[in-house]
Structures are given as C-alpha cells and as structure tokens.
Amino acid sequence: MDRVRPVHRSALALCAATVLAASGVTALSSAARAADADLARNGGFEAGLDGWTCTAGSAVGSPVRSGVSALQATPAGTDHARCAQTVTVRPDSQYTLAGHVRGSYVYLGASGTGTTDVSAWTQSAPDWQRLATTFRTGPSTTRVTIYTHGWYGTGAYNADDISLVGPGGDAVQPPAAPTAVTVGTVTSTAVGLSWPAVPGATGYAVYRNGTKVQTPTGTSTTVTGLTPSTAYSFQVTAVNAAGESAKSPVVTATTAAGPGGGDPADLPAHALVGYLHASFANGSGYTRMADVPDSWDVIDLAFGEPTSVTSGDIRFDRCPATECPGVESDAEFKAAIKAKQAAGKKVLISIGGQNGQVQLTTTAARDTFVSSVSKIIDTYGLDGLDIDFEGHSLSLNADDTDFKNPKTPVIVNLISALKTLKAKYGDDFVLTMAPETFFVQLGYQYYGTGKWGGQDPRAGAYLPVIHALRDDLTLLHVQDYNSGPIMGLDNQYHSMGGADFHIAMTDMLLTGFPVAGDAANVFPPLRPDQIAIGMPATTNAGNGHVPPGEVNKSLDCLTKKTNCGSYTPHGTWPALRGLMTWSINWDRFGGWEFSKNFDGYFG
C-alpha cells in the first residue's frame with residue numbers, strides 16, 4: 001500500500017541468467033527411411049493449436065507459408081511464447097526436426113531426447129526461413145518434446161509446417177478409469193481420497209464438482225481449501241502418454257463445521273475491508289476513527305513499521321497533530337475503536353506497507369516481532385493483525401523450491417511468528433494478508449529464482465506463508481493494483497483497468513494453480529469466504545482503479561457467473577467474502593463512491 005502518491009510498479013522483470021545460445025542448423029539425413037513418418041501433430045496449425053501447448057500463441061490466417069493457418073506467438077515480459085508438444089518415439093532411433101519460421105530470434109528444438117537436446121535458430125527472418133536439426137533418442141527414450149519459441153522483447157514470431165520425421169513409437173492406449181474411489185479423513189477444509197492403482201497409468205487427475213483440481217502421481221491425495229459444512233462430489237481419472245481415462249464413479253463427502261479462527265462467525269457474509277491512514281497524512285486527508293462509516297466491516301490501521309528492516313521490532317506511532325490536523329487524542333482513538341467493536345466491526349494493526357520493509361532473518365527477530373506486535377494489539381485492544389509485506393520483505397533462497405516445505409529463514413520465521421500469535425490470542429484472532437500479485441499469482445509462472453536461476457527471488461514468495469496458515473487465515477485480499485500484466489489460468493496475460501483482471505486473479509485463488517507450471521505441485525484453492533478482492537478506492541489511490549460498473553461485473557461473474565467478459569472462471573462462488581480497498585481515506589476523498597457502491601450491491 002502506498003503512503004504518499006502511488007508510484008506505478010509494473011511486474012518486475014524476471015530475466016534469465018543465461019545469454020542467447022543455441023546450436024546451429026545441422027545437416028539433414030540424405031533420405032528418410034521407408035519406416036519413417038511425420039510424427040508431429042497438426043504441424044501446419046490448420047486445426048488451431050490442437051496438439052500444442054502454448055504460453056502465448058494463436059493460429060492466424062496471415063502470414064502463412066502453406067495451407068490456411070500458421071502459428072503466431074508474442075513474447076511478453078519474461079515469457080518467450082513457447083509452444084510445445086510431446087511426441088511418442090522409439091528408443092535409439094534417428095529423427096529430423098524441421099519447420100519454417102518468421103521473426104527475430106526464433107527457435108525450433110527438441111528436449112528429453114535421452115542423448116543431447118538440440119535446437120536450431122535464426123537471428124532474423126523477415127520472410128519464411130527453414131530451420132532443421134537432427135537427434136538420436138536414448139536407449140530408453142519413448143517420448144520427446146518438440147517446441148518453438150521467440151525471445152524476450154523481440155516481438156511476435158510465426159511458425160508453420162513443423163515436422164518430426166522418424167520411426168513412430170509403439171501405440172499407447174489411455175488407461176482404464178479408476179474404480180472404488182474411497183473417502184478417507186474429512187475435516188472442515190479438506191477431504192482425503194484414495195483408489196486402487198490402474199495398470200498403465202503414469203498419474204491421475206482429481207475432479208471436485210466437475211473441475212480438475214489436482215494431478216497426483218500416487219493413488220491417494222487430500223483435497224484442501226474446502227468450505228466448512230459443505231457437500232462436495234469427487235471423481236478421479238487415470239492418465240498416461242496417450243491421454244486421460246473416463247472419470248471414475250462419483251463419491252461425495254461433506255466437510256465438518258469450521259473451527260472458528262479461520263472463519264469467524266461474526267464477520268458478515270459479505271464484508272468491506274479498508275485501510276485507515278492512522279500513522280501518516282497524504283493528499284487524501286486525515287480521517288478520525290469515530291468518523292469511519294458503518295459500511296466498513298474490517299478497519300486496518302496503517303501502518304505498524306519496524307525500527308530497522310531486520311529488527312522485528314514493530315512500532316505503531318499515531319499521526320502527530322502537526323502532520324494531521326484534527327487528529328484525536330489516544331483516549332478518543334481507543335474509545336472509538338471500542339465503539340466500532342461494539343458495533344460488530346474488526347479493527348486490526350497492519351504491518352508493513354510500501355515503506356515498512358520487514359525481514360525476520362533470525363529467530364531473535366521472530367520473537368521480537370511476536371512481543372512487539374502483541375504490545376500494539378494489547379495497547380489498543382485490537383482484534384488481530386494484517387500482514388502487508390511489500391518490496392523486499394519476502395524472497396526465497398535459491399534452494400527453496402517447494403512452497404509446501406519452505407527453507408528460507410524470513411519465510412519460516414514469519415510463519416512461526418504468525419502461528420504463535422494465533423495460538424496466543426485464540427480462535428477469535430483475525431489474521432489477514434494483503435500481498436501484491438507479484439508475490440502470489442505470478443507464482444503460476446515463476447517461483448523464486450527458478451530451476452536454472454536468474455529469476456527474481458521474490459516471485460511467488462507469499463505462497464508458502466499463505467499455504468502454511470490457510471486454516472488460520474481469515475482473509476486474503478491480494479492487491480489487484482499497481483501490478484504489471486499477470487498470466488491467468490487461461491494462459492493469457494491480463495492487465496489492470498477492467499473487470500477481467502479481477503476475475504482472472506481471483507479465479508486463480510479459488511481454483512488453485514500449479515506453481516511455476518508444475519502440474520505435480522499445485523497450490524490448493526482457498527475457501528471463498530477467505531477471499532476479498534483488493535481494489536483502489538479512487539484514481540488517486542493507486543494504478544488499476546476501475547469504476548463501479550466494472551466492480552459489479554467482477555462480483556457478478558465470480559458469485560453468479562453472469563456478466564462475465566473474455567475470461568470464464570472455473571466455478572461460481574456466492575460465498576465470496578467481499579472487497580478490500582486502499583483506502584478509507586481515499587474513499588472519503590472520492591465522496592464515498594466505493595463503499596456506497598458496495599452497500600448498494602450487497603444490500
């Protein structure tokens with residue numbers, strides 16, 4: 001959250017540490033053998049992208065080399081627009097990969113060969129240019145991935161007539177459907193499932209209410225992120241190189257009642273969350289606690305900040321009268337907090353913000369964080385804590401690659417500190433988080449420094465914190481503003497300024513997503529009652545403001561699946577908790593447009 005006038009922060013570049021490098025074009029074999037065939041599926045893109053998986057591509061009618069379609073893909077940000085397909089091949093066999101491309105720095109290659117992976121590329125192809133390379137498969141290789149891609153910031157490229165010529169692999173049939181899926185342990189937010197192994201299956205897919213939510217490799221899993229006291233249906237399919245089986249018979253399970261802390265019963269079904277500038281002034285003006293309208297259900301005091309980045313010692317200093325004319329006394333401030341609480345409102349201390357970098361690098365800093373935050377909560381009689389760590393507060397060490405088992409001290413110590421505070425204050429303690437999209441949804445593409453290094457270590461760094469505390473987390477309200485383009489579950493980039501951005505970003509939280517594209521490492525969905533959508537209250541408050549009509553479109557689409565735009569969400573969530581905004585002060589500055597629209601929508 002910005003303390004002064006907002007500074008645009010586009011998505012940070014995730015630049016690979018390697019330089020451009022690829023093998024040159026190698027000689028073709030003199031003739032294809034009689035048993036050879038073109039194994040590439042839809043190499044001319046006449047059937048659109050059928051058979052191909054692309055991060056940012058589409059079939060176009062012009063330019064084409066032959067037929068009526070070709071691939072066009074546009075690198076954007078850190079994505080180099082890779083299109084790939086996996087082909088069944090024979091071990092210890094020779095193959096020729098070829099295709100025609102247009103554009104700058106266009107690559108055609110094969111990976112997983114079992115010997116030496118190969119690629120061919122061109123620095124500049126203003127018209128169609130043929131690329132080709134050969135490889136031999138390893139003694140046990142049965143599948144190879146062929147691909148084409150461009151390069152960062154070099155514009156759109158085209159590809160057409162891609163072929164992989166060589167002996168075809170043995171035919172593989174999809175496996176049979178799993179039988180006898182069994183429901184195991186059921187809690188308020190999770191259901192355990194198991195099933196017998198299916199011959200020929202290399203993995204499985206789990207469907208919740210008809211939507212694929214997990215892809216385990218074993219014969220059991222736990223589906224998490226469920227809503228308490230809710231009935232769910234589950235099915236499982238078996239998967240191998242040839243495809244996916246039919247779905248198993250349906251099994252059902254009803255989750256237990258909620259534990260209380262993660263889902264406080266005294267929050268309204270649809271809540272409005274706002275930040276109150278309690279420690280500083282800016283162009284929005286100072287707002288007294290007693291003057292906050294009843295529309296606001298959760299009031300976050302902005303901000304508690306550390307004495308130094310790594311001290312863990314958090315202080316909350318109220319805005320002085322010299323900076324905030326009309327500021328109330330401490331006694332009046334505390335009395336107003338009690339009055340809000342008597343009216344059913346929650347008042348929290350928010351830690352961090354744009355200027356409050358917090359890095360709990362040691363256990364000593366962790367313990368100091370717990371004691372100093374407790375002192376603030378006790379002094380003002382607050383209901384809980386909001387974590388608004390931004391900037392460089394959270395980042396992942398190079399060897400920290402599994403969000404379910406974090407190793408980085410600043411992550412581990414923060415999780416420990418929040419669990420300690422939750423245990424200290426009990427089930428009624430309200431815990432919320434307000435990360436930026438860079439730290440959450442960007443994790444769909446990138447997590448930490450990545451397998452090969454060179455990425456920004458902050459990418460997705462909130463995911464292990466959210467996951468570890470998902471059963472204790474009251475609300476997650478990601479800041480859908482001051483953000484660069486983010487890839488959604490449709491593998492398209494979405495930008496601020498309209499309902500589609502909020503719909504796509506929220507759908508990711510409610511559906512779950514593979515972290516860094518790893519289908520075996522899925523961030524599970526959160527409950528809809530744990531989600532509020534973060535938006536700026538006015539155009540002055542932050543980049544990405546949308547008018548009330550777009551706010552309502554977002555809510556319509558996510559809660560009713562009506563009024564949706566170009567993005568189609570994976571479910572309908574009438575229990576979506578509500579909205580968060582930066583800030584109460586800016587909403588007052590804007591004539592209370594944001595809160596009045598919220599009241600009008602939910603009644």
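All residue numbers refer to positions in the sequence shown, counting from 1.
- A side-chain donor-acceptor contact under 3.5 Å links D507 and H570.
- With contacts defined as side-chain heavy-atom distances shorter than 4.5 Å, the pair I533/L576 qualifies.
- When all heavy atoms of Y447 and L396 are compared, the closest pair comes out as CZ-CD1, 3.5 Å.
- Distance check, rounded to the nearest 0.5 Å: OH of Y95 to OG1 of T137 gives 5.5 Å.
- For N158 (side chain) and G103 (main-chain N/O), no donor-acceptor pair under 3.5 Å exists by modelled atom type.
- Under the 3.5 Å distance criterion, with hydrogens and angles disregarded, a donor-acceptor pair is assigned to the side chains of S566 and D500.
- Of all heavy-atom pairs spanning A177 and K247, the tightest one is CB-O, 4.1 Å.
- Using modelled atom types, no side-chain atom of W52 and backbone atom of F45 make a donor-acceptor pair closer than 3.5 Å.
- By the 4.5 Å heavy-atom criterion applied to side chains, V101 and Y107 are not counted as neighbours.
- Looking at every heavy atom in both residues, P536 comes nearest to N543 through CG-O, 4.1 Å.
- Side-chain atoms of V478 and Q441, non-hydrogen and from C-beta on, do get closer than 4.5 Å to each other.
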Legend entry - Full working for side chain to side chain donor-acceptor pair (under 3.5 Å) between H100 and D161: CA-CA 6 Å; H100 289 76; D161 299 330; 4.8 Å; no

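- For the residue pair Q123 and Y105, a side-chain donor N or O sits within less than 3.5 Å of a side-chain acceptor on the partner.
- In this structure, Y147 and H149 have parallel ring planes: the angle between them is below the 30° cut-off, well short of the 60° mark.
- Here the side chain of S93 pairs a donor or acceptor atom with the backbone of P91 at under 3.5 angstrom.
- H494 places no side-chain N or O within donor-acceptor distance of the main-chain N or O of P485, the cut-off being under 3.5 Å.
- Residues Q85 and I146 are in side-chain contact: their nearest non-hydrogen atoms beyond the backbone lie under 4.5 Å apart.
- The closest side-chain donor-acceptor pair between T96 and T134, if any, does not fall under 3.5 angstrom.
- In this structure, E46 contributes its side chain and V68 its backbone to a donor-acceptor pair below 3.5 Å.
- Panel note: side chain D117, backbone G112; a donor-acceptor pair is recorded below 3.5 Å.
- The shortest heavy-atom contact between V522 and K404 is O-CE, 3.9 Å.
- Side chain of Q214 to backbone of T221: no donor-acceptor contact under 3.5 angstrom is found.
- Among T219, V239, L193, T237, the single residue meeting the side-chain contact (heavy atoms from CB on, under 4.5 Å) criterion with Y204 is T219.
- Under 4.0 Å is where a charged nitrogen must lie from a carboxylate oxygen, and between E244 and K212 at least one such pair does.
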